[in-house]
Novice: 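Please read through the structure below; I'll follow up with questions.
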Amino acid sequence: IPFAILMGGADEETLREAVRRIEEREPEPEARKNLLTVLCVLAGLRLPRNVAWSIVRRKKMRESVTYQDILEEGRQDGLEKGLKKGLEQGLEKGLEKGLEKGLEQGLEQGLEQGLRRGLAESTLKVLEARFGRVPVDLADQIVAIPAIERLRQAVEQSARASDLAEFRARLGEPPQP
């Protein structure tokens with residue numbers, strides 16, 4: 001009976017007749033549910049899906065093993081596709097955020113290095129303008145200062161010190177708040 005819908009002239013009336021015959025002739029409820037499910041699947045090949053569903057009445061098929069298998073396969077397929085899509089989107093967003101954070105950190109570090117270099121060069125320029133040639137060891141010591149605040153103090157000290165000896169002494173002192 002389920003195959004009748006595939007034969008020529010398949011229409012809503014043929015489907016209704018097939019449903020009626022299955023319901024009348026199949027006494028076993030489980031077999032009836034399975035036959036109705038198969039009928040609906042086959043009818044979906046010839047008729048619009050909503051027509052097949054409304055005639056066969058989805059409620060009658062819900063407990064069918066075949067229907068449950070189809071449903072489970074659909075769930076699995078949906079889960080796999082959703083997981084794949086979620087991973088793709090997560091990777092994309094993660095890369096985007098990582099790149100953004102990396103650029104931000106790189107820019108921040110670059111600005112900090114530039115500021116440190118500028119302060120060290122300013123200190124050396126002031127010392128050179130006031131006292132002449134700056135000894136290499138003192139220049140190396142100034143350039144090696146890691147803290148920006150300490151370099152700012154070095155610029156001030158270079159402008160206030162009475163000579164290179166005083167500047168060296170102040171440079172070796174702990175930073176002042």
Side-chain angles (χ1 to χ4, degrees), residues 33-34 37-38 40-54 56-59 61-177:
K33 290 173 192 171
N34 285 333
T37 300
V38 170
C40 188
V41 169
L42 295 175
L45 298 173
R46 293 285 183 135
L47 300 172
R49 185 176 62 183
N50 61 337
V51 171
W53 280 107
S54 66
V56 177
R57 286 176 238 124
R58 188 169 45 171
K59 290 180 194 176
M61 299 181 332
R62 285 217 170 154
E63 295 173 21
S64 158
V65 173
T66 306
Y67 179 83
Q68 292 300 319
D69 287 346
I70 292 169
L71 196 59
E72 183 57 33
E73 188 176 318
R75 283 186 189 131
Q76 280 300 116
D77 189 43
L79 181 63
E80 287 171 14
K81 286 179 181 176
L83 183 59
K84 183 180 177 184
K85 180 98 171 164
L87 286 173
E88 287 172 0
Q89 288 176 346
L91 180 61
E92 186 178 315
K93 285 189 180 212
L95 287 173
E96 189 177 297
K97 286 227 181 241
L99 181 60
E100 185 179 305
K101 187 151 181 97
L103 286 172
E104 187 178 300
Q105 287 176 346
L107 181 61
E108 190 176 302
Q109 288 175 354
L111 289 172
E112 186 176 315
Q113 286 177 351
L115 180 58
R116 282 184 37 237
R117 186 175 296 140
L119 288 169
E121 286 178 11
S122 295
T123 302
L124 291 171
K125 291 279 185 200
V126 171
L127 289 173
E128 189 176 316
R130 293 190 64 217
F131 308 117
R133 187 175 139 342
V134 178
V136 174
D137 69 315
L138 181 57
D140 289 344
Q141 188 179 357
I142 292 167
V143 170
I145 297 172
I148 289 174
E149 192 51 44
R150 185 70 181 113
L151 282 165
R152 284 188 175 129
Q153 289 175 355
V155 172
E156 284 183 35
Q157 290 168 357
S158 70
R160 293 185 179 157
S162 56
D163 57 29
L164 282 176
E166 183 184 339
F167 177 79
R168 276 185 195 265
R170 287 187 177 180
L171 192 61
E173 293 176 1
Q176 298 176 1

Novice: For residues Arg168 and Asp137, report the shortest heavy-atom separation together with the two atoms involved.
Specialist: NH1-OD2, 3.0 Å
Novice: Between CD of Gln153 and CG of Leu151, what distance do you get to the nearest 0.5 Å?
Specialist: 9.5 Å
Novice: Kindly indicate, with the supporting measurements, whether the criterion side-chain contact (heavy atoms from CB on, under 4.5 Å) is fulfilled by Gln141 and Ile145.
Specialist: CA-CA 7 Å; Gln141 188 179 357; Ile145 297 172; 5.7 Å; no
Novice: Taking all non-hydrogen atoms of both residues into account, name the closest pair between Phe131 and Ser158 and its distance.
Specialist: CE1-O, 4.3 Å
Novice: What's the separation between atom NZ in Lys93 and atom CG in Leu91, rounded to the nearest 0.5 Å?
Specialist: 12.5 Å
Novice: Where do Ala154 and Leu171 come nearest, in terms of heavy atoms and distance?
Specialist: CB-CD1, 4.3 Å
Novice: Which atom pair, heavy atoms only, marks the closest approach of Arg160 to Arg170?
Specialist: CB-NH1, 4.1 Å
Novice: Throw together a table of side-chain donor-acceptor distances under 3.5 angstrom for residues 115-125, partners on residues two or more places apart or in other chains.
Specialist:
residue, atom, partner, partner atom, Å
Arg116, NE, Pro146, O, 3.3
Ser122, OG, Gly118, O, 2.9
Thr123, OG1, Leu119, O, 2.9
Thr123, OG1, Val155, N, 3.4

Novice: Got more than 12 heavy atoms from elsewhere within 6.0 Å of CD, Glu108?
Specialist: no
Novice: Report yes if some heavy atom in the side chain of Phe167 is under 4.5 Å from a heavy atom in the side chain of Val126; otherwise report no.
Specialist: no
Novice: To the nearest 0.5 angstrom, please state how far the CZ atom of Arg152 sits from the CD atom of Glu156.
Specialist: 10.0 Å
Novice: So how far is it from Leu164 CG to Glu166 CD, rounded to the nearest 0.5 Å?
Specialist: 10.5 Å
